[in-house]
There are 2 protein chains.
Amino acid sequence: MTARASQKPQPKTDRGERTRRKILDAAALAIGKRGFSATSISDITAAAGVGQGTFYIYFQSKEEVLREMVLQMGRDLRQHLTQAIAGTKNRLEAEREGLRAFIDFVRGNPGLYRIVEESQFVDEAIYRRHYMDFAATYRAALEAAEARGEIRKGSAEVRAWALMGMAVLLGQRYGIWDVATPLDDVVGPAVDLIGRGIRP
Amino acid sequence: MTARASQKPQPKTDRGERTRRKILDAAALAIGKRGFSATSISDITAAAGVGQGTFYIYFQSKEEVLREMVLQMGRDLRQHLTQAIAGTKNRLEAEREGLRAFIDFVRGNPGLYRIVEESQFVDEAIYRRHYMDFAATYRAALEAAEARGEIRKGSAEVRAWALMGMAVLLGQRYGIWDVATPLDDVVGPAVDLIGRGIRP
DNA sequence: CGATCATATGACGACTAATTCATGTTTGAC
DNA sequence: GTCAAACATGAATTAGTCGTCATATGATCG
């Protein structure tokens with residue numbers, strides 16, 4: 001089901017590096033806007049301003065581009081969240097800032113968000129890994145908080161997935177479909193729910 | 001973006017009705033297993049045991065079949081949930097039984113679940129309506145519970161989406177990816193989180 | 001029975017998209 | 001400045017899907 005695939009070799013010159021980037025950027029824009037299957041290779045290469053054959057110098061297929069973009073989005077989001085919760089003093093504060101930062105990220109990168117969700121139907125393994133990785137990080141943070149006595153005892157695994165789920169759907173509702181509602185109006189009630197749900 | 005489309009007329013005979021059903025069932029199976037774009041019309045008609053042209057007697061396009069299936073899944077799930085929370089005496093019990101029934105439904109109908117999620121990338125309007133409808137129902141239930149004093153005051157809209165999000169991702173994690181973990185091990189911790197999160 | 005409407009068929013034309021490749025251009029190490 | 005390697009190209013090949021239609025079969029009723 002999933003391509004095992006030997007990656008294409010990295011570009012060896014500056015020009016190659018630039019061309020690869022152009023293709024990747026054009027692909028992110030096009031796929032983010034129109035969706036994966038509605039976007040053809042020639043759409044991408046045309047938008048990138050390169051020949052069709054050039055695509056295959058750097059990528060095996062559209063799927064491989066998607067895979068790379070999901071990884072990229074994981075890194076971007078991780079960084080955004082890490083930065084957002086950097087100054088927080090306890091788990092509850094981290095939940096608040098993390099949720100706010102997540103919805104904020106979705107508002108700022110609706111295309112990337114969409115790409116990750118669609119990857120589920122293109123290469124399930126990469127989508128699953130994306131979530132599993134986040135879940136593992138989240139779980140570790142919850143266990144640490146539990147050890148510090150900041151939150152009540154309870155399954156960190158289930159909690160991690162439950163809280164991620166909240167964030168994902170709130171991100172859809174208030175990050176994509178409705179970008180007018182102030183973040184505080186969303187984050188406030190949600191964090192109230194979370195806070196009472198997990199505190200000692 | 002969304003087809004406004006005049007529907008095809010309903011079948012006028014028993015035979016027609018049966019043929020239509022065969023196509024719909026075959027489509028649900030095939031699309032649920034392989035995904036929407038990987039499934040061709042001829043895959044569907046071959047699986048249904050009818051000619052390719054027969055498809056177009058009953059449907060305008062693959063998209064229309066998907067739309068119908070999302071609606072169907074909405075009805076099925078609604079019924080499953082309604083039945084599950086029928087005997088409950090308060091909101092918290094309803095949350096428990098509802099969440100259990102939801103994951104149970106996903107385990108029993110992984111294909112249907114997948115179809116709904118994929119509909120997001122085929123006909124966003126129908127997907128959105130699916131969630132909006134559920135959210136409206138959920139919200140009403142929460143508001144009623146709040147009026148009865150069963151739960152604390154708070155934004156029913158945000159809560160509804162947060163709780164749906166929990167269910168959706170727990171459904172993915174424990175309904176699709178891992179069907180071995182006993183439901184109690186999932187529902188217990190989740191309902192503990194919800195219960196303390198919303199009770200007075 | 002024969003007439004008529006509904007249903008069924010599958011080959012076919014039109015089209016779209018993926019991928020290759022022979023040919024040409026650019027780069028940068030020497 | 002030379003030259004081999006890296007890169008770029010787009011037309012041609014390949015593969016497959018959609019949706020139509022002329023034709024055929026099934027069912028129903030007077």
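Protein chains get the first letters and strands the later ones, always in sequence-line order, with residue 1 at the start of each.
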Exercise for the section: Classify the nucleic acid contact of B/Ile57 as base, sugar-phosphate or nothing, counting any heavy atom under 4.0 Å across all strands shown. Expected result: base

Fill in the blank from the handout: Between CZ of A/Arg18 and C1' of D/dA8 the distance, given in whole Å, is 13 Å

Exercise for the section: Assign the ring pair B/Trp177 / A/Trp161 to parallel, tilted or perpendicular, where the plane angle (0 to 90°) is split at 30° and 60°. Expected result: perpendicular

Handout entry: B/Gln79, CD: over 12 other non-hydrogen atoms inside 6.0 angstrom
Key = no

Handout entry: Interatomic distance, B/Glu63 CD vs D/dT17 P [rounded to whole Å]
Key = 15 Å

Exercise for the section: Check the side chains of B/Thr137 and B/Arg78 for a donor-acceptor pair under 3.5 angstrom, ignoring hydrogens and angles. Expected result: yes

Fill in the blank from the handout: Closest to the side chain of A/Gln52, out of D/dA8, D/dG10, D/dA27, is D/dG10

Practice task
Select from B/Lys62 and B/Asp14 the residue whose nearest nucleotide in DNA chain D is closer to the 5' end of that strand.
Solution key: B/Lys62

Problem - Exercise: do B/Ser119 and B/Arg67 side chains pair donor with acceptor under 3.5 Å - result: no

Handout entry: Length of the line joining A/Ile41:CD1 and D/dG10:C1', which is rounded to integer Å
Key = 15 Å

Practice task
May I ask you to verify if any side-chain N or O of A/Thr19 is less than 4.0 angstrom from the OP1 or OP2 atom of D/dA8?
Solution key: yes

Handout entry: Ring centres under 6.0 angstrom apart (A/Tyr127, A/Tyr131)
Key = yes

Completion exercise
Between B/Thr13 and B/Gly53, the residue closer to the 5' end of DNA chain C by nearest nucleotide is B/Thr13

Handout entry: Touch class at under 4.0 angstrom, heavy-atom based, for A/Tyr58 against every strand present
Key = sugar-phosphate

Handout entry: Heavy-atom closest contact (A/Lys8 atom, A/Glu64 atom, distance)
Key = N-OE2, 4.3 Å

Completion exercise
Counted 5' to 3', the first and last nucleotides of DNA chain C within 4.0 Å (strictly under) of a heavy-atom of chain B are C/dA6 to C/dG10

